[in-house]
Colleague: 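Below is one structure. I have some questions about it.
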Amino acid sequence: MLANPLSPSWLVPPADAAALPAHVWPSSAARTADGPISIGGVALTELAADYGTPLYVIDEADARARASRTREAFDTAAAAHGTTATVYYAGKAFLCTEAARWMVAEGLNIDVASGGELAVALAAGVEPARLGLHGNNKSLAEIDRAVGVGVGAIVIDSMVEIERVADAAERHGRVQAVRLRINSGVHAHTHEYLATAREDQKFGIPLSDAPDAVAAIRARPSLRFLGLHSHIGSQIFAVDGFLEAARRLLTLHAALRAGGDVPELNLGGGFGIAYLESDAAPAIELLADALLGAVASVCGELSIPMPRIAVEPGRTIIGPAGVTLYEVGTTKDVVVTVDESTTAVRRYVSVDGGMSDNARPALYAADYSVALASRLSSSDPVLVRVAGKHCESGDIVVRDAYLPGDTAPGDLVAVPATGAYCFSLASNNNYLARPAVVAVRDGVARVIVRGETEADLLSRDAFVNHPGASTQGETL
């Protein structure tokens, strides 16, 4: 069939509408004999019947395998250059107590970026020494708690934090290990809102200010300087940005060694994944080899020893392991003028979720794939735009995709690669309750985060008459 003229150039009608590209879907994704998609040996139709929709589904075995593979890739690459590597799972991608336990069981540490994420990791039983705390504006309470429980490392993001962390460490009688986040000036090839190392940026300290900051850290006996930290952005495929950031940081790293030990270099995360069949994300082994090789090469040029390496991937571990399941509510054909002589039809397929469970398309025009999940179809594919149910014209889940032409109300559709930054960015827009998160493995499904109910939403309203609340409201 001919492509719809409204279709972007990268999107072509599928040769097999039932196919599930392996680099986009969880490793266990398959079609059952009668047509529905299954994840972790559980049919999505069964999950919808048991837990409702929208529903976040995480392939536990896939997530854990990706965590283990990442650790092994960096361990192997580091060992080849005579050093060691520590992999921190970036909890901001997706965090709950069970996910934290998975990561630790696979040999990863965990990076948290708020007091709430710290609370989740501690509730999961993660040893505080295996945690790192990020954030450009950590509160005094967050810093005090992190130091008090013995968090392994705190990333200093501004000059004022040096004093705050040092004072907290003195109060608790500790020597707190810290890293210094550097704004390297490297411009990652990604969406503007995902690039985090440009000069006009809230994160980090400029390279030129770093020597003074490190001197201030070293002047406080309650602080121990681990090394420099960099994070150039997110959803990055090309390795050149990481390599240039490493080179700039190592030049500074070498200069700082004159004033004391600099045992570590943290290169952050931001590695990209495939959201679309046309995406080609590099294998984690290739990334690890390239990064460690570049560090070794620059260290050789500068005649300095290889530091310990730390990295902070999140999306590459949990993103491909997640799928979001929706029920179709309505379909609508819209005639669009392409040019003076051409019109085309775009079909809107509206589902029972949207920007409340996946804010990424609205935030930075993120693209996703979609598949009919509840059955097989022999109908020709048509160009669709999967829309949410919120009162926002920008409430789009999948901007451009092909679905079978007979996709209809009551069908289930599944959006892959939603394990990262969907649950963590979820909201109650239009007072929709946030979905449950269900982990599947070996034919067994279990809830790892309970879905919200309307009662949960109303429980926070001070003027709703519920047990323990006054009908006259509470004094705030």
Side-chain angles (χ1 to χ4, degrees), residues 8 10-45 47 55-73 93-94 102 106 235-239 271-289 313-326 358 360 366-377 381 386 397-398 400-404 412-422 438-443 445:
W10 52 262
L11 180 66
V12 297
D16 179 3
L20 305 173
H23 63 300
V24 178
W25 288 79
S27 58
S28 67
R31 293 276 180 183
T32 62
D34 55 349
I37 296 173
S38 69
I39 306 289
V42 183
L44 296 185
T45 47
L47 294 177
L55 183 68
Y56 297 122
V57 181
I58 302 289
D59 182 336
E60 177 184 348
D62 186 74
R64 296 180 68 145
R66 291 176 188 276
S68 178
R69 178 181 171 187
T70 301
R71 176 185 52 75
E72 291 173 359
F94 170 76
W102 296 345
E106 300 304 330
Q235 186 51 13
I236 302 168
F237 286 172
V239 300
F271 315 138
I273 65 170
Y275 287 98
L276 308 171
E277 186 172 5
S278 57
D279 288 339
I284 195 65
E285 292 83 3
L286 296 178
L287 277 170
D289 287 346
R315 185 193 315 262
T316 51
I317 292 170
I318 200 68
V323 169
T324 306
L325 183 61
Y326 301 98
N358 188 351
R360 295 186 68 253
D367 288 314
Y368 283 91
S369 311
V370 65
L372 181 61
S374 50
R375 60 183 176 87
L376 289 173
S377 171
V386 180
V397 180
V398 181
D400 298 289
Y402 281 94
L403 280 175
L412 299 177
V413 295
V415 177
T418 56
Y421 300 105
C422 290
V438 173
V440 290
R441 183 175 186 175
D442 299 329

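Just the heavy atoms: all of them, side chains too, but no hydrogens, waters or symmetry mates, feed the values below.
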Colleague: Only counting residues at least two apart or in another chain, list the ones meeting side chain to side chain contact (heavy atoms under 4.5 Å, CB included) with Ala65.
Modeller: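 For Ala65 there are no side chain to side chain contact (heavy atoms under 4.5 Å, CB included) partners, ignoring immediate neighbours.
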Colleague: Looking at CD of Glu72 and CD of Glu106, how far apart are the two atoms once the value is rounded to the nearest 0.5 Å?
Modeller: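 Here the interatomic distance stands at 9.0 Å.
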Colleague: A side-chain contact here means heavy atoms from C-beta on lying under 4.5 Å apart; do Ser369 and Pro416 qualify?
Modeller: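 Yes, their side chains come closer than 4.5 Å.
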Colleague: Compare all side-chain heavy atoms of Tyr326 with those of Leu412 and state whether any distance is below 4.5 angstrom.
Modeller: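 Not touching, per the 4.5 Å side-chain cut-off.
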Colleague: With a 3.5 Å cut-off and sequence neighbours excluded, list the donor-acceptor pairs that the side chains of residues 29-45 form with protein atoms.
Modeller:
residue: Arg31; atom: NE; partner: Ala18; partner atom: O; Å: 3.1
residue: Arg31; atom: NH1; partner: Gly35; partner atom: O; Å: 3.0
residue: Arg31; atom: NH1; partner: Leu372; partner atom: O; Å: 2.9
residue: Arg31; atom: NH1; partner: Arg375; partner atom: O; Å: 3.4
residue: Arg31; atom: NH2; partner: Leu372; partner atom: O; Å: 2.9
residue: Thr32; atom: OG1; partner: Asp34; partner atom: OD1; Å: 2.7
residue: Thr32; atom: OG1; partner: Pro36; partner atom: O; Å: 3.1

Colleague: Identify, with sequence neighbours excluded, every residue that meets side-chain hydrogen bond (donor to acceptor under 3.5 Å, both in side chains) alongside Glu277.
Modeller: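 Counting only residues at least two positions away or on another chain, Glu277 forms no side-chain hydrogen bond (donor to acceptor under 3.5 Å, both in side chains).
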Colleague: Which atom names give the shortest non-hydrogen contact between Phe271 and Thr316, and what distance separates them?
Modeller: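 Heavy-atom minimum between the residues: O-CG2, 3.3 Å.
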Colleague: Is there a side chain to side chain contact (heavy atoms under 4.5 Å, CB included) between Val24 and Leu276 once you walk through the steps?
Modeller: CA-CA 7 Å; Val24 178; Leu276 308 171; 5.9 Å; no
Colleague: Taking side-chain hydrogen bond (donor to acceptor under 3.5 Å, both in side chains) as the definition, give me every residue that meets it alongside Ser377, ordered by chain and number, with sequence neighbours left out.
Modeller: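 By the side-chain hydrogen bond (donor to acceptor under 3.5 Å, both in side chains) rule, Ser377 matches Asp406.
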Colleague: Looking only at non-hydrogen atoms, find the nearest pair between Tyr402 and Pro14 and report the distance.
Modeller: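 Taking every non-hydrogen atom into account, CB-CD, 3.6 Å.
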Colleague: Check whether Ser68 reaches the backbone of Arg64 with its side chain - one donor and one acceptor, N or O, closer than 3.5 Å.
Modeller: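 Not confirmed, Ser68 side chain does not pair with Arg64 backbone.
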Colleague: Do the non-hydrogen side-chain atoms of Val398 and Val415 ever get within less than 4.5 Å of each other?
Modeller: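 With C-beta onward as the side chain, the pair touches.
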Colleague: Please report the interatomic distance CZ(Arg69) to CD1(Ile317), rounded to the nearest 0.5 Å.
Modeller: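 These two atoms lie 11.5 Å from each other.
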Colleague: Please identify each residue that fulfils side chain to side chain contact (heavy atoms under 4.5 Å, CB included) with Ala288, with sequence neighbours left out.
Modeller: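 For Ala288 the side chain to side chain contact (heavy atoms under 4.5 Å, CB included) partners, ignoring immediate neighbours, are Ala73, Phe74, Ala77.
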Colleague: Not counting sequence neighbours, list each pair that qualifies as a side chain to side chain donor-acceptor pair (under 3.5 Å) and has a residue in residues 12-28.
Modeller: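 Passing the test, one end in residues 12-28: Ser27-Asp62, Ser28-Asp59.
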Colleague: Please name all residues satisfying ring pair (Phe, Tyr, Trp, His ring centres under 6.0 Å) with Tyr368, sequence neighbours left out, ordered by chain then number.
Modeller: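 If we apply the ring pair (Phe, Tyr, Trp, His ring centres under 6.0 Å) test to Tyr368, skipping adjacent residues, the hits are Tyr275.
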Colleague: Below 4.5 Å, heavy atoms only, C-beta onward: do Leu403 and Val413 meet side chain to side chain?
Modeller: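 Counting from C-beta outward, Leu403 and Val413 do come under 4.5 Å.
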Colleague: Looking only at heavy atoms, which two atoms of Ala373 and Leu325 are closest? And how far apart?
Modeller: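 For Ala373 versus Leu325, the nearest heavy atoms are CB-CD1, 4.1 Å.
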Colleague: Applying side-chain hydrogen bond (donor to acceptor under 3.5 Å, both in side chains), name anything that partners Asp400, two or more places apart in sequence or on another chain.
Modeller: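 For Asp400, the residues satisfying side-chain hydrogen bond (donor to acceptor under 3.5 Å, both in side chains) (neighbours in sequence not counted) are Arg346.
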Colleague: So Tyr56 and Val438, do their side chains get closer than 4.5 Å, heavy atoms only?
Modeller: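 They are not in side-chain contact.
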Colleague: Which heavy atom of Pro21 sits nearest to which heavy atom of Ala19, and what is that distance?
Modeller: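 Closest pair (atom of Pro21, atom of Ala19, distance): CD-O, 3.6 Å.
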Colleague: Side chain to side chain contact (heavy atoms under 4.5 Å, CB included) with Ala93: which residues, sequence neighbours excluded?
Modeller: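 Applying side chain to side chain contact (heavy atoms under 4.5 Å, CB included) to Ala93 gives Tyr89, Ile318, Ala420, Tyr421.
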Colleague: So, taking the atom named CH2 in Trp102 and the one named CD1 in Ile58, what distance separates them when rounded to the nearest 0.5 Å?
Modeller: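 Result: 6.5 Å between the selected atoms.
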Colleague: Write down the atom of Pro26, the atom of Ala321, and the distance for their closest heavy-atom approach.
Modeller: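 It is CG-O, 3.8 Å.
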Colleague: So which heavy atom on Ala274 is nearest to which on Ala417, and how close?
Modeller: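 Between these two residues, the closest heavy atoms are O-CB, 3.9 Å.
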Colleague: Name all residues meeting the side-chain hydrogen bond (donor to acceptor under 3.5 Å, both in side chains) criterion together with Thr324; count only those two or more places apart in sequence or in a different chain, and write none if there are none.
Modeller: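 For Thr324, the residues satisfying side-chain hydrogen bond (donor to acceptor under 3.5 Å, both in side chains) (neighbours in sequence not counted) are Thr418.
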